[in-house]
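When a residue number appears, it is its place in the shown sequence, counting from 1. Start at 1 and go down the list; that is how both ligands and their atoms are numbered.
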Amino acid sequence: MSDARYSPMLEQYFSMKARYPDAILLSRVGDFYEAYGEDATTIAAALQIALTSKEAGGGGRVAMAGVPHHALDKYLAELVAQQRIVALADQLEIPVPNKLVRRDVTRVVTPGTLIEEHLLDRGSNNYLAALTLAGDAIGIAYADISTGRAAATAYSGDGGLEETLSELVRLGPAEIVADLPPAIRDAISAQLPAVRVTAPPLAIVERHEPTVIDGFSLDESLAMRRCLDALGAFVRRVGFTAPAGLLRDPEFYRARTFVALDANTRKHLDLTKSQGANPKATLLATIDRCKTAMGSRLLSRWILAPLVDRAEIAARADRVETLVGDYPSRAALQELLGGAFDLERIAQKVRFRRAAPRDLGSLRRTLALLDPLRAALPPALAAYAARIGDHAELRAELEATLNDDLPATLADGGVIRPDASPDVRECVELRGNARERIAALEERERQRTGIKGLKVKYASAFGYAIEVSKSNLALVPSDYVRKQTLANGERYVIPELKELEIAISSAQSRQLRLEEALYANLVEAVAERVDALLAAADALAELDVACALAQVAGERGYVRPRFVAASTIDVSDGRHPVIEVLAGDAFVPNDLHLAEGAGRFVLLTGPNMGGKSTYLRQTALLVILAQIGAFVPARAMELGVVERIFTRIGAGDDLASGQSTFFVEMAEASNILRRCTRRSLLLIDEVGRGTGTIDGLAIAQSICEYLLGLEAQAPMTLFATHFHELTALAEHRPLVANFHVTAVENTRAGAPVFSHRVLPGSTSRSFGIEVAKMAGLPAGVIARAREIASVLGERPALDEQVPLRARLAAPDGREETQLPLGFP
Ligand code: ADP
Ligand code: MG
């Protein structure tokens, strides 16, 4: 891009831009961050700011737009929200007139590499993910750059890609770095359409001596290592450096240590993000009583990765139980946790040497809480004391070095306590003395000139000056040098005042240099202890989550679920954790019994709006709560560990996806049938609704038969359907138990009253027309629907349905009705 007709400054700009072609380049020029050329046009439109132009050298002009440096954060937030990448170039030296300032890109802001609190959601992790292939393995690694947390896993062989995609969707990364064939990249983009997928900045070079990671094959180990390398390269590329490693030691894990939740399940259950109208109606939001951002993030990770190991589940639930039973300890811990700052993100900023004074101030306040926290631990949680650790030394260093009140930036001065350094103290004293001498000078000049209103003032344009009002100008002595004329007076200087001013400003700049050096030392001292701080952060997060789960359990009457060896689920008076809160006392609890043999397959019928979908979702949420180690909203619950949860929720709920809903439905069903295991929980809601009645019923029945045919290997299934015909399956298939949700007809209003109670047996009443009436369909349409229903109500065999059309002559005598066919 470098072009002879550009001025040196623009040439500098475009040569930096050439190195970051994907980014918008904002370059610091004085008090502004400016963009030129195409980037100027882009940001002017994106940020709704003025587009101007600038002399480009050689008589041409180039487009220009800029934002004031103090408002950069606000504009950055806006650009990031628009999924844009921004490169920030800073001045690397103090500007001197008539010389081009050295500038370079110091930071590239991308969606997956944010560390700034105001650009991040406090309660969720922001992941950068990397994917690559090695031999027959596909590796995936991811890191939250703001917390340093990193992990990797790998899959090989059949279904590896599917598993990888599913894991990727679970993580919901903000950005992906992938070194993959186009077909796989396309598959990723199809799953996560809004997420940027970029090639890694460097070719990922094979290591010479690959080491096998415990529990993984050589290819898998290689793939994971390469992904981690790609993450590291990307993080350096965006401008972060850390002398002792950019991230925490990665955790290598196998997906099977968690309950497999496929993408649909995570979506349909509104676990951490809501698909519905109410963004707060998620499982996470309902139970997140965490006091710290670290706790909220941990809880969010737990919800998306419930455990399968009974001992681990029990260890978590033990902690919750302790705190449910010990209100004073819980209250004391929560009170203290409420004062803690985000230790994890602060530690990571320290690692990158990007911690601002107030970050260290927050660290100081958090460390001050740790001793009382350790003291507040009930005996059963005493092990946390060691994990929190002793940070007295660091805390003392912070307290001795940092001032009580801290400025926003180091450049503002006043970060270091004068007691911490004789040199800083000297500067502070020099400035203090000079100010006192200025005050004395003011008093002396008043006496000497006899001007009572004489004042020494500081003006940013030229420093200290003596101000005299118009009426007193006659009294001004001859040694005053006039500097500026004001509306009602004049400003003067005298040599002595200038000397004092120089004394102040040189003391000030010396102090700033001293403070910079001392602050850098302090950051190094914290950096040396980053690992210990992160260990404390982890401990705090776990305690916070345990307290939050105990609080929810106490407030809402949750109970501890009991685990058994068999693959069963038994719930008495279970409630839907989210709807229960919205509905209050109106929520109707229900039992559930899924056995190993008879009754493993619950076929649920009942009218629209009866509560079938709610019952299905509630079951999955109870299992998830139980397996993250939480208490559950029920009178009692007993279950065997569930390894996979699959959901197929009715067509029509997926309209946004753009694919044919029936196709999506069948693709989901096929995924379920191929991947379910004996220890899976299947929620199948209204399968077959997306196509014609005959095909729909045929497919629904055949899916049931397939699952029932698995016999001893059959998963636990809740099958909600409007195809009443399916209830006949129970006659020949011992696994099937028919249940229904009830409603009674309110004869006077003609509207059904739903009891939302799930009871044994089946029902054929759909109340579809009554619901349509409640929804306000015109009376004429309702009346006609009743007429059609009464004809169809003779319940012919399925293959007789088509000829039935002929009998549905419209009332005005036309041959055929335009009303769609379909069972009421
Ligand atoms: P269906 O799937 O049978 O059409 P839904 O599960 O969608 O019914 O529930 C319909 C409405 O009834 C929803 O607004 C839901 O909040 C409410 N509902 C469902 N189950 C219960 C319950 N057990 N207690 C109270 N309200 C419920
Ligand atoms: Mg439903």
Side-chain angles (χ1 to χ4, degrees), residues 264-265 267-270 274-278 280-283 285-286 556-558 571-592 602-622 632-635 637 647-655 661 665 668-669 682-690 696 700 717-724 726-727 738-746 751-776 822-824:
N264 296 307
T265 302
K267 196 170 99 191
H268 293 314
L269 293 179
D270 294 334
S274 168
Q275 304 296 310
N278 181 355
K280 285 265 172 267
T282 64
L283 181 63
T286 316
R556 304 206 195 121
Y558 287 15
V571 181
S572 20
D573 283 349
R575 287 120 52 200
H576 187 298
V578 180
I579 297 183
E580 168 185 36
V581 174
L582 303 175
D585 286 345
F587 194 86
V588 179
N590 276 303
D591 294 350
L592 170 74
V602 166
L603 193 78
L604 185 62
T605 46
N608 268 320
M609 294 296 286
K612 300 183 296 298
S613 301
T614 305
Y615 184 70
L616 263 54
R617 290 192 173 104
Q618 159 182 328
T619 304
L621 294 177
L622 289 175
V632 294
R635 195 156 48 77
M637 178 172 185
T647 55
R648 163 82 276 286
I649 305 279
D653 303 356
D654 296 328
L655 288 172
T661 52
E665 188 177 331
E668 288 180 17
L682 267 55
L683 307 177
I684 302 184
D685 196 356
E686 309 276 18
V687 76
R689 196 168 63 177
T717 305
L718 287 172
F719 198 106
T721 184
H722 63 292
F723 293 121
H724 185 255
L726 293 179
T727 58
N738 283 326
F739 280 82
H740 69 287
V741 283
T742 53
V744 288
E745 195 157 353
N746 177 333
V753 177
F754 298 113
S755 71
H756 299 305
R757 206 166 290 287
V758 176
L759 295 171
S762 63
T763 175
S764 60
R765 284 288 276 129
S766 85
F767 293 95
I769 295 173
E770 289 78 1
V771 172
K773 189 178 168 200
M774 283 160 71
F823 279 178

At less than 4.0 angstrom from any non-hydrogen atom of [X], what atoms of ligand 1 do you find?
X    : value
P607 : 3 (O)
F587 : 21 (C), 22 (C), 23 (N), 24 (N), 25 (C)
N608 : 4 (O)

Please state which part of [X] comes within less than 4.0 Å of ligand 1, counting heavy atoms only: side chain, backbone, both or neither.
X    : value
A720 : neither
S613 : both
I579 : side chain

Do [X] and [Y] come within less than 4.5 Å of each other through their side chains, counting heavy atoms only?
X    : Y    : value
L718 : L592 : yes
T605 : N738 : no
D573 : D591 : yes
Y615 : N590 : yes
F587 : T614 : yes
V687 : F719 : yes
S755 : V588 : no
R556 : T286 : yes

Give me the residue, atom name and distance of the protein heavy atom closest to [atom].
atom                    : value
atom 6 (O) of ligand 1  : T614 OG1, 2.5 Å
atom 17 (C) of ligand 1 : H756 CE1, 3.7 Å
atom 24 (N) of ligand 1 : V588 N, 2.8 Å
atom 4 (O) of ligand 1  : M609 N, 2.7 Å

(message) Enumerate the salt bridge (charged side-chain N to carboxylate O under 4.0 Å, His left out) contacts for residues 603-613, please, sequence neighbours excluded, ordered by first and then second residue.
(response)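 Sorted pair list comes back empty.
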
(request) Kindly state if atom 21 (C) of ligand 1 has a protein heavy atom within a strict 4.0 Å cut-off, that is, under 4.0 Å? (result)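 There is a protein heavy atom less than 4.0 Å from atom 21 (C) of ligand 1.
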
(request) Could you tell me whether atom 14 (O) of ligand 1 has a protein heavy atom closer than 4.0 Å? (result)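 So far as the 4.0 Å threshold goes, atom 14 (O) of ligand 1 is out of reach of every protein heavy atom.
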
(message) Which of the protein's N, O or S atoms come within less than 2.8 Å of the Mg ion (ligand 2), not counting waters?
(response)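 For the Mg ion (ligand 2), the protein N, O and S atoms that sit under 2.8 Å away are S613 OG.
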
(request) Assess whether side chain to side chain contact (heavy atoms under 4.5 Å, CB included) is satisfied between L604 and V758, documenting all intermediate values. (result) CA-CA 8 Å; L604 185 62; V758 176; 3.9 Å; yes

(request) Assess A586 for proximity to ligand 1: is some non-hydrogen atom of it under 4.0 Å away? (result)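 A586 counts as a contact of ligand 1 under the 4.0 Å cut-off.
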
(message) I need the single residue from H576, R575, Q618 that forms a side-chain contact (heavy atoms from CB on, under 4.5 Å) with P633. Which is it?
(response)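 Filter result, single survivor: R575.
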
(message) Just verifying a value: how many Å separate L759 CG and T742 OG1, rounded to the nearest 0.5 Å?
(response)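 Here the interatomic distance stands at 5.0 Å.
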
(request) Calculate, to the nearest 0.5 Å, the distance between atoms OG1 and CZ belonging to T647 and R617 respectively. (result)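 Result: 8.5 Å between the selected atoms.
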
(request) Return a yes/no value for G611: is any of its N or O atoms, backbone included, closer than 3.5 angstrom to an N or O of ligand 1? (result)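 Yes; at least one N/O pair falls below 3.5 Å.
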
